[in-house]
Structure formats: C-alpha cells, structure tokens
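Following: one structure in structure tokens, then a few remarks.
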Amino acid sequence: KVKPEVQWAGDGVIVLSMFLPTGERTSHFASLEIARNLGLKETEVIHKQIMHPAEGTYVEVKGVLPFSIDLEEVRMPEIIPNLEPEYVEKIVREKNLKVVAATVGEDEHSVGMREILDIKHEGIEKFGFKCYYLGTSISIEKVIDAAIEVDAKIILISTIITHGEIHRINMRRLNQLAIEKGIRDKVILIAGGTQIKDKMAKEEGMDTGFGRGTKGIDVASFIIGKLTE
Ligand code: B12
C-alpha cells in the first residue's frame, strides 16, 4: 500500500492548485470547502495570489489523503515496445518512405509537430523519412493534395482539441477525403497533439493517435510495424 508524502513517510499530504473567479477572501474559504468535499483532512491554504482583481484568485490548498492505494490494484496501460532504430532506418530507406505533415485547421501550434519531424529533436527524419512539412493552419484538402502529389505513404496531422469538436471533424474529414480520392488503403493516417488520445483518433478513422511526450521513434516504430505487419 502507498500514500503520497511530504513531511514524513506516508503522511498522505497532497497539494491542490486551483483558480477561482472570486475575490481573495471568498476564494480562500471556497477552496477549503472544495478540498473538504474531495475528502481531504486537515485542510489549509498555503498560498494565494490575486490575479487581476477582475479575474479572481489562484489558491494552493494542502490536505491529508484519508486513504492509501493498493499497488497490486493499480491499472497501467500495456507498454508496446518500440522497434530497434537500426531496423526502422533500414526499412525506411528500402521503401523510400515519404511523409506529409501539417498542423491543421486554424491551429498555429507548430512546436509539437516539429519535435516529431526534426532530426535535431530525434524526429523521424533521423530514420531517413523524407518529410514534407506544410506548416500551420493547413486545410485538410491541401494535406491530401500534397500527399497525392509527392506520393506520401504517411500523413501526420497535429491538432489541439477544441470545444466545437473541430479536431474530430478534421480527423474524420482526412479519412473521408482519403477514401474519396482513392488513397485510403495506401496511406497511414496519424493524428497527434497535446490532448489527442489513441482511442479518439481511431474513432475518427485514423490509424493511431499520439499525445504528450511522444518521441520520433514511437511514431517511426508504429509506421514500420504497420507497414510490415
Ligand atoms: C506554446 C503554446 C502556444 C503558442 C504556439 C507557438 C508555436 N509556434 O507552436 C501560441 C502562443 C501561438 C499559442 C496559441 C494558442 N494556444 Co497554445 N499552448 C502553447 C503551450 C504553452 C505549449 C505547446 C507546446 O509547444 N508544447 C511542447 C510540445 C513539444 O508539446 P506538444 O505540443 O504537446 O507536442 C507533443 C505531443 O502532443 C505530440 N504531438 C503533437 N503534435 C503531433 C502530431 C503528430 C502527428 C504526432 C505523432 C504527435 C504529435 O508530440 C509532441 C512531442 O512530444 C500549450 C500548453 C502546454 N504546456 O502544452 C498551450 C496549449 C496547447 N494552447 C492552448 C490554447 C487554447 C491556445 C489558444 C487557443 C489560446 C487563445 N485563446 O488564444 C491559441 C491558439 C492560437 C491558434 N490559432 O492556434 C491549449 C490547447 C487546449 C486544447 N484544447 O487542446 C493549451 C494546451 C494550453 C491550455 N492548457 O489551455 N499556444
């Protein structure tokens, strides 16, 4: 069994951080109420910061967790081991694999996609993939057209998730357009982004989805696994 700890072994102390759209005094007592409702004991406000007075207050509350976790019962997702980098590179070069990549919709987040592609971030270029990066705020139509033009076997799209479910609509559109243009069975479709989940991507017709912390080798390994299965 295990409990979080701060001052001594297994003391159960945790810290919650929250923003409340209320003034300092109200936020102080409301945050304690929230912590108590979550079941924490010995609750105490340890830090407060008034943001802009018209916005609210940031509060940190300390409390003691009244339960411990049985490590035997902790559920963890299965680890899928990556392929050896040398093997990945051999297949990529043999098959002369090309990738079209873009951040889609009206999304300007470029850093994540670049991490996956760039050789200097250990991205997939490192394994010999020829990458055609189209940029940010790219339409799905342009992505598909580019893939057809350069005969790419892999399409990578990056997207944040949105209230209007635009991320889902874009993934669905990518799949549908690939079907309409007759290339769906010839391309691997992969979506990624800060809050993208594999399940969500598959529900919208992608072959897989990758979220936070993804490395180039994870993506390269998936592609080669799929092409050689
Ligand atoms: C930097 C940043 C920006 C910069 C982007 C600059 C740039 N050139 O990229 C700027 C200031 C422009 C920006 C703007 C906005 N942002 Co912003 N931004 C961030 C921030 C702080 C970091 C993102 C980042 O670069 N992370 C580092 C990279 C390496 O991580 P990553 O993006 O997660 O990428 C990894 C994985 O997700 C994955 N991955 C990503 N893409 C792909 C694609 C494929 C194919 C694969 C396989 C994997 C993959 O692999 C990457 C490497 O591990 C995040 C908060 C955060 N800490 O995540 C918010 C965040 C992404 N932004 C957010 C929001 C809401 C916005 C705005 C809408 C804010 C606003 N109201 O104006 C605007 C949108 C503007 C627009 N039109 O796009 C939200 C998105 C929430 C969501 N629903 O998904 C976040 C999560 C902040 C938050 N908690 O609210 N933002």
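Side chains included, hydrogens not; waters and symmetry mates left out as well; all remaining heavy atoms used. All ligand and atom numbering here is 1-based and tracks the order in the structure.
- Comment: Lys126 does not engage Glu89 in a salt bridge, judged by the lack of any side-chain N to carboxylate O separation of less than 4.0 angstrom.
- Of all the atoms in ligand 1, the ones that sit under 4.0 Å from a non-hydrogen atom of Ile116 are 46 (C), 48 (C), 49 (C), 50 (O).
- Relative to the six-membered ring of Phe222, Lys226 misses at least one condition, a distance below 6.0 Å or an angle of at most 45° to the axis.
- The protein heavy atom nearest to atom 35 (C) of ligand 1 is Gly112 CA, 4.1 Å.
- Remark: among candidates Glu108, Met113, Glu106, His109, the nearest residue to atom 74 (C) of ligand 1 is His109, based on non-hydrogen atoms.
- Residue-ligand proximity, Gly213 to ligand 1, at heavy-atom distances under 4.0 Å covers atoms 53 (O).
- Listed by number with element, the atoms of ligand 1 under 4.0 angstrom from any heavy atom of Asp107 are 78 (O).
- Atom NZ of Lys95 has 12 or fewer heavy atoms from other residues, nucleotides or ligands within 6.0 Å.
- For atom 68 (C) of ligand 1, the closest heavy atom belonging to the protein is Ile160 CD1, 4.6 Å.
- Here Thr214 has heavy atoms under 4.0 Å from ligand 1 in both its backbone and its side chain.
- The number of heavy-atom neighbours closer than 6.0 Å to CD of Gln7, taken from other residues, nucleotides and ligands shown, is above 12.
- The protein heavy atom nearest to atom 84 (O) of ligand 1 is Gln195 OE1, 2.4 Å.
- Here Ile224 contributes atom CD1 and Phe127 contributes atom CZ; the two are 10.0 Å apart, rounded to the nearest 0.5 Å.
- Listed by number with element, the atoms of ligand 1 under 4.0 Å from a non-hydrogen atom of Glu115 are 29 (C), 52 (C).
- The presence of a protein heavy atom under 4.0 Å from atom 1 (C) of ligand 1 is ruled out.
- For atom 25 (O) of ligand 1, the nearest protein heavy atom (residue, atom name, distance) is Val111 CB, 3.2 Å.
- Atom CD of Glu94 has more than 12 heavy atoms from other residues, nucleotides or ligands within 6.0 Å.
- Within 6.0 Å of CD in Glu165 there are more than 12 heavy atoms belonging to other residues, nucleotides or ligands.
- Side-chain atoms of Asp207 do not come within 3.5 Å of backbone N or O of Ile190 as any donor-acceptor pair.
- By the 4.0 Å N-to-carboxylate-O rule, Glu122 lies too far from Lys215 to be salt-bridged with it.
- The protein heavy-atom contact nearest to atom 83 (N) of ligand 1 is Ile161 O, 2.5 Å.
- Residue-level proximity to ligand 1 for Ile157 is carried by the backbone, the only part with a heavy atom below 4.0 angstrom.
- Contacts with ligand 1 closer than 4.0 Å are made by side-chain heavy atoms of Val219 only, the backbone lying farther away.
- Using a 4.0 Å cut-off to heavy atoms of Arg212, the atoms of ligand 1 that qualify are 36 (C), 37 (O), 56 (C), 57 (N), 58 (O).
- At least one N or O atom of Ser158, backbone or side chain, sits closer than 3.5 Å to an N or O atom of ligand 1.
- Atom CD of Glu141 has more than 12 neighbouring heavy atoms from other residues, nucleotides or ligands inside a 6.0 Å radius.
- Checked by atom type, the side-chain pair Glu108/Thr136 shows a donor-acceptor distance below 3.5 Å.
- To the nearest 0.5 angstrom, Met206 atom CE is 11.5 Å from Arg168 atom CZ.
- For atom 38 (C) of ligand 1, the closest non-hydrogen atom on the protein side is Gly211 O, 3.4 Å.
- For atom 60 (C) of ligand 1, the protein comes within 4.0 Å by at least one heavy atom.
- Within a 4.0 Å radius of atom 54 (C) of ligand 1, the protein contributes no heavy atom.
- Distances from atom 8 (N) of ligand 1 to the heavy atoms of Gly192, Ser110, Gly216, Ala101 show the closest one on Ser110.
- Taking a cut-off of under 4.0 Å to the non-hydrogen atoms of Leu156, the atoms of ligand 1 that pass are 45 (C).
- From the protein, the heavy atom lying nearest to atom 39 (N) of ligand 1 is Gly193 N, 3.5 Å.
- When the options Val104, Ile154, Thr194, Thr136 are ranked by their closest heavy atom to atom 32 (O) of ligand 1, first place goes to Thr194.
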